[in-house]
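Take a look at the structure below.
Every chain is numbered from 1 and lettered A, B, ... according to where its sequence line falls, protein lines coming before strand lines.
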Number of protein chains: 2
Amino acid sequence: MNKNITMRDIAEKMGVSSVTVSKALNDKEGVSEELKERIKLLAGEMGYRINTVAKSMKEGLTYNIGVVIPERFTGPAQSFYLRVYQEISIALERYGYYGILHILTHEDEKQLNLPRVYYDRKVDGFIILGQISKPYIEAVEQIEQPKLFLDFYDEHADIDSVTTDNFYCAYELTNYLIQQGHRSIAYVGNIYSTSSIQDRYLGYYKSLLEHRIPLKESWILNDRDDEGSFIDIDIPEELPTAFVCNCDQIAHLLVLKLKSLGHRVPEDCSVVGFDNDVFATLTEPHLTTVEVDIEKMAQTAIHSLLRKISSPEVRFGRVLVQGKIIYRESVNEKNKSLQDEVSHH
Amino acid sequence: MNKNITMRDIAEKMGVSSVTVSKALNDKEGVSEELKERIKLLAGEMGYRINTVAKSMKEGLTYNIGVVIPERFTGPAQSFYLRVYQEISIALERYGYYGILHILTHEDEKQLNLPRVYYDRKVDGFIILGQISKPYIEAVEQIEQPKLFLDFYDEHADIDSVTTDNFYCAYELTNYLIQQGHRSIAYVGNIYSTSSIQDRYLGYYKSLLEHRIPLKESWILNDRDDEGSFIDIDIPEELPTAFVCNCDQIAHLLVLKLKSLGHRVPEDCSVVGFDNDVFATLTEPHLTTVEVDIEKMAQTAIHSLLRKISSPEVRFGRVLVQGKIIYRESVNEKNKSLQDEVSHH
DNA sequence: CTGAAAGCGCTTACAG
DNA sequence: CTGAAAGCGCTTACAG
């Protein structure tokens, strides 16, 4: 019905210039309050909608942000990054910005092809959501636009990052296990895989160090190959009394495996996860885990990136977002578990 | 480094006009092959990237599609629509289009506020992904741009839709149960809730009709309230031998409930789901279910919508995408289940 | 085969 | 307080 109403159309109807209409609709100075009101009213009546493309062209801003997620983090069981993207979309709302999702294929990552949004100048900045290969990081560094790593970081790259405080959360979680009397604690995760898994491992290790518990290499259990595909977990001969898993999904698989071997959770061994995703409450018993604050991460990332867009020289470095331990039923006190052990046999 | 290289910059370096550069880079007629090649080469060397905003302004197209998902379909356990959105993003790639996600809040849906992408003229068309309220459908009808309902439809609205063939898939799935000897079959789902749940119910019903099995009202089990929140399922006194669930998640909950009441699945009763999502293989036994072809749905939706953008008069009506039955372990032959019953007691 | 001119719809100085 | 002019970087007729 109202086909492409422009500021000029409004201006002509009002008998003023389009400059005045622009100023009025943008609440700029230089137009009397009374005229402003009349212009806004007429604009509303005429069903005027701004042409942001023209605005963008003039200002040199697209008001779009590119969100790049590597394909390997987007399998059917992995909704975590999609959920982060969702929160990013919501966080962008209040700034008048929009998010454009780009799934980075294995192929493009290997070939170092930058996302099409880049070549199309579709966005004012980039969020790389999820760890990418070293060579691809170097490719991304060439992009002369504001960018931010979300949920991972790379010390070689001088790029700001926002991540959960994986190190500290895993440290606290392990401390909790030790407080519950555990001293034989394994870590489950490929510690060469991502910065998250590595840092969670180091938090676990710090807790052991502080409590003078020696680290046992045979209790660092690999859970995935270098492509990130889960592999069967080797349960060690000498069974630990607790397992710190790098994520809920692997904790879920571990519990299934332990049960199939005849071990009871948490009576025989305790298991903790990380993420507090669907798997945390799908596992029986429900997992004690760390809740990652997706909303806060998205907000922090957007806030930082938009500041970098307006002031390109701003540096944030490595920004950490705190997680929160969620206590559920997958951890037993060690004494209690010993008693159970006796009555069990 | 290469700050805002324009076609003019290339034109000046080459000693031609920017019109010629535009034609060359867009492979239009009117430039000799030899000159085209030289221009493309120089553009590459200079790191030229097109300014799509300027292109958009000239052409009156944004090359963006708005994807609107009601908030209630985006909970922590519901990644289905986000996965559809992901496939939409991928499908748009080949057309040079981009997707912009808008999560429609309860509030905005109630207040009939159209998404901001609409007011900002940010997109050339809309995909409404997931059932919206009747009044909101009417609001959406006012949008004078191409639009499409995805994964639901409304007969009162003259808006094209793309959905899984829920009716036929549920019909086939129920036929399969009957082939396995079942005749006491319940349906689980709020049949007034969404068109999907309703159509799956009707497919189930058609199968009963064809096999002259009377429909029992007491075997239509409600699973959610009007807001879509799951409620506790009432298991009927007289236990059916099979349950057709409207989705895998509810099948998962049903299996837990049946087990807690001492019934074995599939020995005592069979259960089938719909969607083939994470819950299908998280359930023990793994669920026989219908795999929804997300990729095909996304591709069909995009293809249809883009055609409507170039030819606004085109109508597609109700487009159905076939699903596929995935046979797993949650269904027993009726005879077999009777035998087990005997040996069990 | 090549290019000068016009225009898409805004906003930003600048002049009055 | 108000407006004429210029320009953002393309593409589309149209003229040569």
Could you tell me whether the phosphate oxygens of [N], OP1 or OP2, come under 4.0 Å of any side-chain nitrogen or oxygen in [X]?
X       : N      : answer
B:Ser22 : D:dT11 : yes
A:Lys28 : C:dT12 : yes
A:Tyr48 : C:dG9  : no
B:Asn26 : D:dT11 : yes
B:Thr20 : C:dG3  : yes
B:Thr52 : D:dC10 : no
B:Tyr63 : D:dC10 : no

Tell me: [atom1] of [X] to [atom2] of [N], nearest whole Å?
X        : N      : atom1 : atom2 : value
B:Lys122 : C:dG9  : NZ    : C1'   : 15 Å
B:Glu29  : D:dT11 : CD    : P     : 16 Å
A:Met57  : D:dG9  : CE    : C1'   : 5 Å
B:Asn51  : D:dC8  : CG    : C1'   : 8 Å
B:Met7   : D:dT12 : CE    : C1'   : 13 Å
A:Ile39  : D:dC1  : CD1   : C1'   : 11 Å
A:Leu25  : C:dG9  : CG    : P     : 16 Å
A:Asp9   : C:dG9  : CG    : C1'   : 10 Å

Give a yes or no on whether a salt bridge exists between [X] and [Y], defined as a side-chain N under 4.0 angstrom from a carboxylate O.
X        : Y        : value
B:Arg38  : B:Glu34  : yes
B:Glu313 : B:Lys308 : no
A:Glu33  : A:Lys36  : yes

Could you work out which one of C:dC8, C:dA4, C:dC10 sits closest to the side chain of B:Val19? C:dA4
For the ring pair B:Tyr63 and B:Tyr95, is the centre-to-centre distance below 6.0 Å?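 No, they do not, as the ring centres are separated by 6.0 Å or more.
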Any chance the side chains of B:Tyr98 and A:Asp120 put a donor and an acceptor closer than 3.5 Å?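 Yes, a side-chain donor-acceptor pair sits under 3.5 Å.
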Do A:Tyr81 and A:Asp151 have side-chain atoms, one donor and one acceptor, less than 3.5 Å apart?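 Yes, side-chain donor-acceptor contact under 3.5 Å.
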Partner of D:dA13 by Watson-Crick or G-U wobble geometry, both contacts under 3.5 Å, or none?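 Per the H-bond distance test, none.
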What does A:Val53 touch in the nucleic acid at a heavy-atom separation under 4.0 angstrom: a base, only the sugar-phosphate, or nothing?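 Here A:Val53 touches no strand at all.
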Just to be sure I understand the rule, does B:Gly60 reach a base, reach only the sugar-phosphate, or reach nothing, if contact means heavy atoms closer than 4.0 Å?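 Since no nucleic acid heavy atom lies under 4.0 Å of B:Gly60, the category is nothing.
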If you assign B:Ser17 and B:Lys58 each to the DNA chain C nucleotide with the nearest heavy atom, which residue ends up on the more 5' nucleotide?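 Residue closer to the 5' terminus by nearest nucleotide: B:Ser17.
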Between B:Ala54 and B:Ser18, who's closer to the 5' end of DNA chain C by nearest nucleotide?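 Between the two, 5'-proximity favours B:Ser18.
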